[in-house]
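For reference, the structure is listed below as C-alpha cells.
Computation of the quantities below employed the complete heavy-atom set of this structure, encompassing side-chain atoms and omitting hydrogens, waters and symmetry-equivalent molecules. Predicted, not measured: the structure shown is a model, and the values here were computed from it.
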Amino acid sequence: QVQLVESGGGLVQAGGSLRLSCAASGRSFSSAAMGWFRQAPGKEREFVAGISWSTSRTYYIYYADSVKGRFTISRDNAKNTVYLQMNSLKPEDTAVYYCAARNFVVQPTTTGYEYWGQGTQVTVSS
C-alpha cells in the first residue's frame, strides 16, 4: 500500500554532486524510519544512510562509513519526501540507489525495511 518513488539519478563527473529524492505515497509517515541503499553491478545491496523520526523529532541520522562526510540525508514531512544529497562523488559510488521505509525505531538499523522503491541509477565517471 506504500509506494516509494526515487528520482534524481544521472551521470556525473567525479567530484560532482547529485540530489536524490524519495517520494512516499499511500500513507503519511508521522513516525517512521527511512533509508537509502545502493547496489553496484556484481555486488550485494548495501546500506548508505538512514533517518528515523516521530512527528517533529528526529531520533537518528546514520551513515555508512564510505559516505560519511560526503552524503547528507534529510526529510520534508510536508512533502512526505526524503532526500540524499551526494557531494564529492567518486566512481565507486556508481550504483542503483534505492529508497526504503519501515516502522519507527529509536536506534539506527539497516534491517527490517518493508517498502522499497524501484531504484534510480547513479553513474560517476572518472
Residues Thr120 and Gly9: closest non-hydrogen pair is OG1-N, 3.2 Å

Tightest non-hydrogen contact, residues Ser17 and Ser88, listed as OG-N, 4.3 Å

Residue set satisfying ring pair (Phe, Tyr, Trp, His ring centres under 6.0 Å) with Tyr62, at least two apart, ordered chain then number -> Phe47

side-chain contact (heavy atoms from CB on, under 4.5 Å) for Glu6 and Trp36? Distances and angles first, verdict last. CA-CA 10 Å; Glu6 304 99 330; Trp36 288 95; 3.8 Å; yes

So CG of Asn103 and CD of Glu114: to nearest 0.5 Å the spacing works out to 6.0 Å

Residues at least two apart in sequence or cross-chain that pass side chain to side chain contact (heavy atoms under 4.5 Å, CB included) with Ser7, listed by chain then number, are Ser21

Going hydrophobic residue to hydrophobic residue with side-chain gaps under 4.5 angstrom, can you get from Phe37 over to Val105? yes

dist Arg75:CZ -> Thr58:OG1 (nearest 0.5 Å) comes out at 3.5 Å

_Tell me whether Arg102 contacts the main-chain N or O of Ala33 through its side chain, where contact means a donor paired with an acceptor under 3.5 Å._
no

Before giving the answer on side chain to side chain donor-acceptor pair (under 3.5 Å), spell out for Asp76 and Thr81 the whole-Å C-alpha distance, their side-chain angles and the decisive distance to 0.1 Å.
CA-CA 5 Å; Asp76 185 334; Thr81 300; over 6 Å; no

**Request:** Answer yes if Val5 and Met86 sit in the same cluster of Ile, Leu, Val, Met, Phe, Trp and Tyr residues linked by side chain heavy atoms under 4.5 Å apart, and no otherwise.
**Result:** no

Paired with Phe104, the ring-ring contact (aromatic ring centres under 6.0 Å, His included) test is passed by just one of Tyr59, Trp53, Tyr60, namely Tyr59

Next item on the list: Decide side-chain contact (heavy atoms from CB on, under 4.5 Å) for Gln121 and Thr94; before the verdict, give the C-alpha distance in whole Å, the side-chain angles of both, and the deciding distance to 0.1 Å.
Entry: CA-CA 8 Å; Gln121 177 71 47; Thr94 295; 4.0 Å; yes

query = So, do Leu4 and Met34 sit near enough that their side-chain heavy atoms are less than 4.5 Å apart?
reply = yes

In short, Ser126 meets Ala14 closest at the heavy-atom pair CA-CB, 4.4 Å

Nearest heavy-atom contact between Val106 and Ser52 is O-OG, 4.4 Å

### Query
Looking at side-chain heavy atoms only, is the closest gap between Arg38 and Val96 below 4.5 Å?
no

Answer yes if Ile61 and Leu20 sit in the same cluster of Ile, Leu, Val, Met, Phe, Trp and Tyr residues linked by side chain heavy atoms under 4.5 Å apart, and no otherwise. yes

> Is the number of heavy atoms from other residues, nucleotides or ligands under 6.0 Å of Gln107 CD greater than 12?
Replying inline: no

Quiz item: Same cluster for Val82 and Val122 if Ile/Leu/Val/Met/Phe/Trp/Tyr side chains link at under 4.5 Å?
Solution: yes

Before giving the answer on side-chain contact (heavy atoms from CB on, under 4.5 Å), spell out for Ser74 and Gln85 the whole-Å C-alpha distance, their side-chain angles and the decisive distance to 0.1 Å.
-> CA-CA 8 Å; Ser74 62; Gln85 178 66 46; over 6 Å; no

Quick note, ring pair (Phe, Tyr, Trp, His ring centres under 6.0 Å) partners involving residues 66-102, not counting sequence neighbours, are none

message: Could you check whether Lys90 pairs with Asp93 (Lys NZ or Arg NE/NH1/NH2 to Asp/Glu carboxylate O, under 4.0 Å)?
response: no

Taking atom CD of Gln118 as the centre, does the number of heavy atoms from other residues, nucleotides or ligands within less than 6.0 Å exceed 12? no

- Test side-chain contact (heavy atoms from CB on, under 4.5 Å) on Ile73 and Tyr63 and set out the steps. CA-CA 9 Å; Ile73 188 169; Tyr63 300 97; 3.6 Å; yes

message = I'd like to know if Leu84 and Val12 are part of one continuous hydrophobic network [Ile/Leu/Val/Met/Phe/Trp/Tyr, side-chain heavy atoms within less than 4.5 Å].
response = yes

